Trainee: 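Questions regarding the structure given below will be posed in turn.
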Amino acid sequence: MPASAPSFNNPRPMSSRRQYPFDLIEPKWQRAWDAEQTFRAFNPGEVLPTGHPFAARHGSDALSATRVAGRQAPPKYYILDMFPYPSGAGLHVGHPEGYTATDILARYRRAKGFNVLHPMGWDSFGLPAEQYAVKTGQHPRKTTEENIRNFTRQIKSLGFSYDWTRELATTDPEYFRWTQWIFLQVYNSWFNPETNQAEPIATLKYPADCTTEAQRRAYRDSKRLAYVSEQPVWWCEELGTVLANEEVVDGKSEVGGFPVVRKPMRQWVLRITAFAERLLDDLDTIEWTDSLKEMQRNWIGRSEGAEVDFAIADCRLPIADSKIRVFTTRPDTLFGATYMVLSPEHKLVEHITTSEQSAAVQAYKTEVAKKSDLERTELAKEKSGVFTGAYAINPVNGEKIPIWIADYVLASYGTGAIMAVPAHDERDFEFAIKFHLPIRAVVQPPMEWLSKNGAHLEAEVKADGQKLTWTYSELITVALSDKTFVSQAYEVFSRQVAEFKTAFGESGFATNSANFEISLDGLPTAEAKAKITAWLEAKGLGKKTINYKLRDWLFSRQRYWGEPFPIIWRRDDATGQPYHEALPESALPLLPPALTDYKPTASGEPPLARAKDWVNLPDGAVREVNTMPQWAGSCWYYLRYLDAKNGSTFVSREAESYWMGTTGRESRVESRVTDSAAASTLDPRPSTPGVDLYVGGTEHAVLHLLYARFWHKILFDLGHVSTAEPFFKLVNQGLILGSDGQKMSKSRGNVVNPDDVLAEFGADAFRLYEMFMGPLQDTKPWNTQGVEGVYRFLGRVWRLFIEEKSETAFEQAQTTAAQPDADLLDHLILNGTISDVSATPAQLKVLHACIKKVTEDLDALRFNTAISAMMVFVNEANGWQTRPLSVMRPFLQLLAPFAPHLAEELWSRLHGAFGQRAGSLTYANWPTYDPALLVESEVEVPVSVNGKLRDVIRIATGADDAAHEAAARNAEKVKPLLEGKTIKKVIVKAGKMVNLVVG
RNA sequence: GCCGGUGUGGCGAAAUGGCAGACGCACGGGACUUAAAAUCCCGGGACCGUAAAAAGUCGUGCGGGUUCGAGUCCCGCCACCGGCACCA
């Protein structure tokens, strides 16, 4: 039996009778919601269908521009799930965790009066469908469509309140025509450093020496945000494609873990580095978790420092090339630079290498080239390198220092060359020790550091005119109390710096750092950096610089199942050079050609090259045969949802500014009565710019989220969208582990299939359990018995509302009669304990405490404790002889976001029994609580003596401190402890606790 | 190594600096039943007690500190999870 099939012959025999007929209720309401289009979200200006519950609540003119003055428009709330890749394996229990959380919040916001946008779609380009196509020849579209059907069925069975009219798939030509369109926007833009933003390529100014059209074109193409570059890229043989930096983890492909090699290739690249600063800065404007922001910051990797030029000694090169530029974050240690290192790939290496060293240098370069990057990082322990025979001049002291090459210096970062300061950089230190290069200390470490790292050393010191030999620890100990020994301690450090087993890389005070023009001595590191940088700039020897680890985004893939580039190639008549040209927008969508074989060509070209008719155009031009990466479609899908059916633009201006929250900012949740109770249940920030809440897994912390922010900023600069950031608040759901506490995987056999859980317990129980397991963000193990727990809870809810005797009748009818399912439910009648009587104060208190807790917890995304609050309510209500309608009704509203099917069913029965028309529970106004009802007349207050709890007193609410103290002194278990003692201090927090301090 | 997060019963977890363990699972006892399941009620951190209780002692990874009072705040460790890692 395939694992994904619902198990009818369940391993656990239907040991228990169903808690309630979820198998009838759930499909019933899913059909009703479908028929009513209950969750359809309306765009501004849209005519609301009469009878739609949203119109019933907010008025049919709710979103029209001509809305009657005085009536406030409902505020928008955009709540988004990361859309899934529809894999053949189907949904696993991890997917619905985030989806359930967002669905609960979407339903909660609807009840609170928001216009909620909650869409779902498919990230449907992707490798598995293509690999399947390579194997079987079946078109990937077919596999993809089958998988989408299965995913849709599974997701719909969970009762999520998506607006399915906005469903999209990245593989749909009507979708990817706009992906291609956005690519053209990127292609036709450049980054203007003066305005710090993307601008149309037409605003580009050409340098004077660009005279011919070919020159202008070359210049223009070198400035585009999408450009072609011949550069070393990660090639994965197994996947048959190149990968972006971000897709390579530990020298292997992120997908599949296949080996990758560095290979120079002509590729499309997007200029994300131009946006590094803004991608970094704007993190401060959005509400993401610290860890997520940190991950993005680390990936961008900003570091501030200086570029410094070192002249090459005795150089025979033309003057322009006779210097080596390095990047350093520690220009203050320039006086301690005792050698230089170039990366083996550095352009100058061959020019400066002396003939004596030439053979060694060549050999080393060959050796390094052979090493994969995996080896280069894995074998990081042992430093290697070769002397070039050449020397550079340290610009601050004129010293001749040797130039080496070593693979610990990366060609791709900074300038590909460093000044080595072994005393203050761990890597340089190791290298200097290994190759016996000089080490010079120019920063004084703190005493603690010296004592920790110099414990093994001996020091010769002068004390009382005598020479003595102390251990370094002794010297430091003396220096700490006697200032006259401090300078000796530093002197020994400077002299014996190589004896310390490590470099001192932190901040301290500069020393040994002076020439006849400038002295850094005595300055703290920060000031020393500023001073030397200013000096270098004044002398034209260097300048302040900022560097990023972020690389430009490698954007092309050698695959079939991706968006084709809307680009063609021509040859320049004059020069014979190939150049690229964008297709006109009217040519979109550009469909991939039909193929029978999806493999790359024999000559290693991408699969698209097989389609000769498609590639070769009548006028001699040829099409680009690379395709876009999977990230392209997911970079902007959240925008397409806003206006998914628009055939003339990717998203209309009105829809964009409404849903992204830049119009109608003044609109707030209708402010009700003035009392604080109502106010406290209003959201403090009704609408935010951008997606209000985005929920998904951490695996997209850098890739998708960085790329999407990048595209969004380009669209923002070009005036296509109205916010600088796409996702205002973002929450990562935690991983769900197997019941063995291990990551779920087929090989471990611990995968839980939602279909099975649904068959046994129903969608509501499944949803409830996923939320009850623990905090959304935490990693937590699955436990099927836990599902039973919440399932029993739903059964108790059911029995609160349904007459038990009628259940027997229902069951009999179910086994005997061949009635349609819907009619079967008619055997059930409302529990006789529910009546339209006024509630007791105790009942009201229980209800209002529940409203308060559930509301506050939903606002804070604490689903687990909200559920436990409802359990407390049900445990109480279970004991009631009569259950007032006015109490039971609001409870169903609280339950509705979590268990919508059950709540709708009971809601409609409750109203039916009292001859009322129910109306959709979805748009019923969220209940508010009255704090006055929560006040107790008497409270229990713990009493401690000397901080130890000894007794509990009952005392009237609002009693003063004196009354508390008196009651506490008289408490039965406290009295004996006070005998013969004096009370030194009394702490009273009225209504909270009393503490008596005795001596 | 660096950055971020997490450590609380048998388990998942709760606790604005103020009665640690709400709620749920598992477990034990009882009611109902011919019986079981389901349901309903009761119990429950550990230790020491006791016929049963009560009382008492100890308890939120470890060690210190602040405070009348610390799971919560501060300092120093340890372990686990996630990310980055020769980025000058």
Side-chain angles (χ1 to χ4, degrees), chain A residues 13-19 249-250 289-299 301-303 305 326-330 333 341 376-377 379-381 383 406-410 412-421 424-428 430-431 505 547-550 698-699 701-702 732 734-735 739 741 769 772-775 777-790 792-793 795-796 799 804 853 862 864-872 875 878-879 940-952 973 984-989 991-998:
Chain A
M14 201 55 92
S15 58
S16 56
R17 121 184 167 193
R18 285 212 174 85
Q19 290 278 348
V249 178
D250 294 336
T289 57
D290 288 343
S291 72
L292 199 63
K293 287 186 182 182
E294 269 315 295
M295 278 190 226
Q296 292 231 333
R297 288 197 188 103
N298 289 340
W299 193 265
R302 180 186 199 271
S303 65
V326 302
F327 174 71
T328 176
T329 56
R330 292 297 299 269
T333 61
V341 186
R376 239 168 115 159
T377 50
L379 307 173
K381 289 255 177 319
K383 292 276 180 294
D407 66 355
Y408 82 91
V409 172
L410 307 176
S412 57
Y413 183 78
T415 60
I418 61 155
M419 64 178 208
V421 185
H424 302 292
D425 181 279
E426 195 55 47
R427 298 150 300 184
D428 297 343
E430 278 175 35
F431 193 83
N547 247 303
Y548 301 95
K549 283 199 279 184
L550 184 68
T698 339
E699 66 272 22
V702 278
N732 287 126
L735 207 60
S739 47
Y769 176 63
F772 188 62
M773 290 169 83
Q777 293 90 334
D778 286 10
T779 300
K780 46 217 173 256
W782 181 268
N783 173 10
T784 299
Q785 282 169 331
V787 191
E788 284 176 48
V790 293
R792 278 203 284 267
F793 161 70
R796 280 200 291 280
R799 291 188 293 275
E804 215 170 338
K853 181 79 178 137
R862 289 186 300 244
N864 54 334
T865 49
I867 293 167
S868 81
M870 290 188 285
M871 288 173 167
V872 170
N875 290 345
N878 219 2
E940 286 193 341
V941 174
V943 179
S944 25
V945 177
N946 288 342
K948 217 177 200 33
L949 177 77
R950 293 298 176 183
D951 207 345
V952 176
K973 288 175 195 159
K984 288 188 187 158
K985 194 170 179 182
V986 179
I987 296 110
V988 177
K989 296 276 173 195
K992 287 279 181 203
M993 51 70 61
V994 179
N995 189 15
L996 305 172
V997 184
V998 304

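Residue numbers start from 1 in every chain, and the chains themselves are labelled A, B, ... in the order their sequence lines are given, proteins ahead of strands. Note that these values count all heavy atoms, side chains included, but never hydrogens, waters or copies made by symmetry. Note that this is a predicted model, so its numbers are computed, not measured.
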Trainee: Any side-chain N or O of Arg950(A) less than 4.0 Å from the OP1 or OP2 oxygen of C19(B)?
Mentor: no

Trainee: Figure out the CG/C1' separation between Asn875(A) and C41(B), and round it to whole Å.
Mentor: 12 Å

Trainee: NA contact type, Asn783(A), heavy-atom cut-off 4.0 Å: base, sugar-phosphate, or nothing?
Mentor: sugar-phosphate

Trainee: Excluding sequence neighbours, so at least two apart, what forms side chain to side chain donor-acceptor pair (under 3.5 Å) with Arg950(A)?
Mentor: none

Trainee: Do Lys383(A) side-chain and C86(B) base share a donor-acceptor contact under 3.5 Å?
Mentor: yes

Trainee: Out of C86(B), G12(B), G83(B), which nucleotide sits closest to the side chain of Asp407(A)?
Mentor: C86(B)

Trainee: Does Asn298(A) make a side-chain donor-acceptor contact with the base of C84(B), cut-off 3.5 Å?
Mentor: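 Answer is no: no donor-acceptor pair is held.
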
Trainee: Heavy atoms from C-beta onward define the side chain here; which of C19(B), A14(B), C86(B) lies closest to that of Pro775(A)?
Mentor: A14(B)

Trainee: Taking the minimum atom-to-atom distance to the side chain of Arg799(A), which one of A20(B), A13(B), U39(B) wins?
Mentor: U39(B)

Trainee: In the structure I gave you, are the side-chain heavy atoms of Met419(A) and Thr333(A) within less than 4.5 Å of one another anywhere?
Mentor: yes

Trainee: Rounded to the nearest Å, what distance is computed from the CZ atom of residue Arg330(A) to the C1' atom of nucleotide A88(B)?
Mentor: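 Computing the Arg330(A):CZ to A88(B):C1' distance gives 11 Å.
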
Trainee: So what does Ser868(A) touch, heavy atoms closer than 4.0 Å: a base, only the sugar-phosphate, or nothing?
Mentor: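 Base contact - Ser868(A) has a heavy atom under 4.0 Å of at least one base atom.
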
Trainee: Ignoring hydrogens and angles, tell me if any N or O in the side chain of Asn946(A) forms a donor-acceptor pair with the backbone of Val998(A) under 3.5 Å.
Mentor: yes

Trainee: If you measure from the C1' atom in A14(B) to the same atom in C19(B), how many Å do you get, rounded?
Mentor: 15 Å

Trainee: Given A88(B), A26(B), G4(B), which nucleotide is nearest the side-chain atoms of Glu294(A)?
Mentor: G4(B)

Trainee: Taking atom C1' in both U6(B) and G12(B), what distance in whole Å separates the two?
Mentor: 15 Å

Trainee: Which nucleotide wins on minimum distance to the side chain of Lys549(A), given the candidates A26(B), C84(B), C19(B)?
Mentor: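 Given the options A26(B), C84(B), C19(B), the side chain of Lys549(A) is closest to C84(B).
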
Trainee: U39(B) phosphate, OP1 or OP2: any side-chain N/O from Gln19(A) under 4.0 angstrom?
Mentor: yes

Trainee: Select one nucleotide: of C23(B), A88(B), C68(B), the one nearest the side-chain heavy atoms of Met871(A).
Mentor: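 That would be C23(B).
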
Trainee: Which is more 5' along RNA chain B, the nucleotide nearest Thr698(A) or the one nearest Ile987(A)? Just name the residue.
Mentor: Ile987(A)

Trainee: Does Asn864(A) have a side-chain nitrogen or oxygen under 4.0 Å from the phosphate oxygens OP1 or OP2 of G12(B)?
Mentor: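 The answer is no; no side-chain N or O of Asn864(A) sits under 4.0 Å from OP1 or OP2.
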
Trainee: Measuring only the P atom in each nucleotide, how far is G5(B) from A22(B)? A whole number of Å is fine.
Mentor: 28 Å

Trainee: Of all residues at least two apart in sequence or in a different chain, which pass the side chain to side chain donor-acceptor pair (under 3.5 Å) check with Ser303(A)?
Mentor: Tyr413(A)

Trainee: When we call it a touch if two heavy atoms are under 4.0 Å apart, what does Arg796(A) touch: a base, just sugar-phosphate, or nothing?
Mentor: sugar-phosphate

Trainee: Taking syn as a glycosidic torsion within 90° of 0 and anything else as anti, which one is G9(B)?
Mentor: syn

Trainee: Could you tell me whether Thr328(A) contacts a base, only the sugar-phosphate backbone, or nothing, with contacts defined as non-hydrogen atoms closer than 4.0 Å?
Mentor: sugar-phosphate

Trainee: In dot-bracket form, how is RNA chain B paired, counting a Watson-Crick or G-U wobble pair only if both its distances are under 3.5 Å and using | for bases paired to another strand?
Mentor: (((((((..(((.....[....))).(((((.......))))).(((........)))..(((((..]....))))))))))))....

Trainee: Give the nucleotide from the list G12(B), U57(B), G18(B) with an atom nearest to the side chain of Met993(A).
Mentor: G18(B)

Trainee: Could you check Phe431(A) against Asp425(A) for side-chain contact (heavy atoms from CB on, under 4.5 Å), going step by step and ending with a plain yes or no?
Mentor: CA-CA 10 Å; Phe431(A) 193 83; Asp425(A) 181 279; over 6 Å; no

Trainee: Pick base, sugar-phosphate or nothing for Gly414(A), based on heavy-atom distances below 4.0 Å to the nucleic acid.
Mentor: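 Answer is nothing: Gly414(A) stays at 4.0 Å or more from every strand.
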
Trainee: For a quick check of understanding: with a heavy-atom distance under 4.0 Å over all strands, which category does Ser303(A) fall into, base, sugar-phosphate or nothing?
Mentor: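 Contact class for Ser303(A): sugar-phosphate only.
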
